[in-house]
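Predicted model only: the values in this text are computed from it and were never measured.
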Amino acid sequence: MHRTARRLIPILAISPVAAAGILLTASTAEAAKPSAAPRPIVHNAADSTSEQRVVKQFWTPAKMAAAKPLDLVRSRNGRTTTAPSGGKGGTAIVPQAPGSHAAKPAAAPVTPTTPPPPPATPSASPSATATPATPSSVLAARSSGAAWTTGGTIVKTEGRVFFTYQGRSASCSGTAVTSANKSVVVTAGHCVKLGGAFHTNWAFVPGYSAGSRPYGTWVATSLLTTPQWNSSEDMNYDMAAAVVAPLNGQRLVDVVGGQGVAFNQPRGRQMYAFGYPAASPYDGSKLIYCSGRVFNDFLISTDQGLTCDMTGGASGGGWFLSFDESTGAGTLNSVNSFKYNFASYWMFGPYFGPEAQAVYTAAQNQDAT
């Protein structure tokens with residue numbers, strides 16, 4: 001049986017690997033050592049002063065306002081097609097008939113009633129008619145998609161990501177994190193590369209708000225992703241990082257601060273998710289958040305799910321453990337990734353295991369200048 005994944009340039013994923021818990025925060029990030037196992041892919045972006053100047057000049061207020069998420073239809077045979085984003089949704093998984101590689105129309109969103117409990121063991125090969133059930137461990141969401149108005153560190157460290165994809169201006173979300181070079185933004189793999197090519201004109205705007213850029217526009221000098229995403233755009237390894245150049249002689253974390261990062265942590269915990277959804281009913285103008293207890297996806301991916309109404313444009317936005325609403329600080333432990341078309345009320349994000357850790361470690365060891 002074949003399935004297609006329709007992924008928005010604004011929404012991420014990764015596979016869990018059992019390992020000892022590792023937590024990187026502001027006090028330990030500089031002590032991180034390169035992993036001996038996964039080898040992330042490093043792509044040079046605007047790595048000269050002249051190139052960085054061109055990218056900053058490219059992103060006028062009008063171009064940022066016009067940047068839109070795209071619906072991406074991807075089949076298991078590796079074919080990827082694109083279409084203009086429209087309406088509510090985000091990434092969707094759509095069943096296909098055996099032998100067919102053409103994307104089927106997404107089914108209408110389903111309003112949950114009282115579904116049966118999930119199977120005890122995740123299914124590696126779900127049937128075409130399978131529908132997700134609400135895990136009994138899922139708590140009622142404290143927020144399924146509201147504007148963040150409390151302030152704190154998150155309004156500086158979270159931001160919109162802008163780039164050019166196949167000649168079109170597009171947007172994602174990202175998070176400034178603590179790092180040895182004080183210059184790392186964590187986002188989704190498809191927010192740096194898609195359709196076999198890395199995006200161009202890549203820039204991060206922390207604290208974006210209705211067109212305002214209070215902390216400036218930070219241009220990527222290098223883009224990093226997992227080897228699995230680089231070689232086959234494997235949905236379970238859709239994680240990335242960008243290293244951004246200094247701005248006005250200052251490094252990113254010195255200007256906006258940085259969130260801690262955690263890897264190989266226990267599943268099923270309470271988390272907060274942030275992002276800049278740009279598809280209806282949102283418009284990308286403000287920071288949106290969701291919160292609740294995450295649960296394991298038992299259909300296609302090895303991700304975790306969260307009740308969340310965010311749409312395209314939120315891709316790459318951070319998921320946080322131990323998030324403090326009063327300070328706006330937490331520990332990054334996943335990012336917005338995808339949705340099933342028949343369960344638009346759930347967002348899924350990757351488990352941050354060794355692959356994610358390797359990307360982060362390599363990014364923080366890059367020269368940002």
Side-chain angles (χ1 to χ4, degrees), residues 7-14 69 88-91 135 137-150 152-161 171-177 185-191 206 208 238-240 259-262 265-279 281-282 284 286-297 301 303-325 327-340 343-352 356:
R7 184 173 294 277
L8 285 173
I9 278 193
I11 292 187
L12 176 159
I14 246 185
K88 192 173 180 177
T91 304
S137 61
V138 178
L139 300 181
R142 296 179 61 183
S143 168
S144 61
W148 180 259
T149 58
T150 308
T153 301
I154 193 68
V155 302
K156 298 168 63 177
T157 56
E158 203 70 16
R160 286 190 79 179
V161 169
S171 70
C172 274
S173 301
T175 308
V177 296
V185 177
V186 172
T187 186
H190 63 276
C191 293
Y208 183 93
D238 180 15
M239 181 269 178
Q259 301 285 358
V261 189
Q265 298 298 298
R267 287 171 169 263
R269 299 171 67 180
Q270 195 80 8
M271 299 183 81
Y272 283 70
F274 290 85
Y276 284 85
Y282 304 101
K286 61 175 68 74
L287 183 63
I288 303 297
Y289 83 104
C290 300
S291 64
R293 187 175 298 282
V294 300
F295 56 92
N296 290 333
D297 179 16
S301 79
D303 291 9
Q304 297 183 97
L306 175 67
T307 299
C308 187
D309 288 335
M310 281 195 279
T311 61
S315 282
W319 288 29
F320 298 90
L321 295 171
S322 306
F323 187 80
D324 188 333
E325 289 189 349
T327 64
T331 304
L332 186 72
N333 190 231
S334 187
V335 293
N336 295 318
S337 176
F338 75 92
K339 287 188 170 187
Y340 290 106
S344 62
Y345 42 85
W346 288 339
M347 175 77 76
F348 290 87
Y351 177 84
F352 270 19

On a heavy-atom basis, which atom in A279 and which in T311 lie closest, and how many Å separate them?
O-OG1, 2.7 Å

Would you check if the distance from the ring center of F320 to the ring center of W148 is below 6.0 Å?
no

CE of M347 to CG of D309, rounded to nearest 0.5 Å, is 9.0 Å

Is there a donor-acceptor pair under 3.5 Å between the side chain of R160 and the backbone N or O of G284?
yes

N333 (side chain) donor-acceptor with W319 (main chain) under 3.5 angstrom:
no

Give the ring-plane orientation class for F338 versus F348, where under 30° counts as parallel, over 60° as perpendicular and anything between as tilted.
parallel

N336 side chain to A314 backbone, donor-acceptor under 3.5 Å:
yes

Any chance you could measure D324, atom CG, to T150, atom OG1, to the nearest 0.5 Å?
10.5 Å

N/O donor-acceptor pair under 3.5 Å between S173 side chain and Y276 backbone:
yes

Minimum-distance pair of heavy atoms, taken over all atoms of A147 and K286
CB-CD, 3.7 Å

Between Y282 (side chain) and I288 (backbone), is there a donor-acceptor pair under 3.5 Å?
no

Any donor-acceptor N or O pair under 3.5 Å, side chains Q259, T175
no

What are the two closest heavy atoms between M271 and V294, and how far apart are they?
SD-CG1, 3.6 Å

Where does the angle between the aromatic ring planes of Y289 and Y272 fall among parallel (under 30°), tilted (30 to 60°) and perpendicular (over 60°)?
parallel

Measuring from atom CD of Q270 to atom CG of L321, what distance do you get when rounded to the nearest 0.5 angstrom?
10.0 Å

Closest heavy-atom contact between A240 and A188?
CB-O, 3.4 Å

Give a yes or no on whether the backbone of G268 and the side-chain of Q304 come within a donor-acceptor separation of less than 3.5 Å.
yes

Report yes if the distance between the aromatic ring centroids of F295 and W346 is under 6.0 Å, otherwise no.
yes

Interatomic distance, CZ@R267 vs OG@S334, rounded to 0.5 Å, equals 9.5 Å

Identify the two heavy atoms, one from D303 and one from P350, that lie closest to each other, and give their separation to 0.1 Å.
OD1-CA, 3.7 Å

Assess the residue pair V186 and F352 against the criterion (side-chain contact (heavy atoms from CB on, under 4.5 Å)); give the C-alpha distance rounded to whole Å, side-chain angles, the decisive distance to 0.1 Å, and a yes or no.
CA-CA 12 Å; V186 172; F352 270 19; 4.2 Å; yes

Once rounded to the nearest 0.5 Å, what's the spacing between atom OG of S144 and atom CG of L306?
9.5 Å

Over all atoms of both residues, closest heavy-atom pair of S322 and R269:
OG-NH2, 4.3 Å

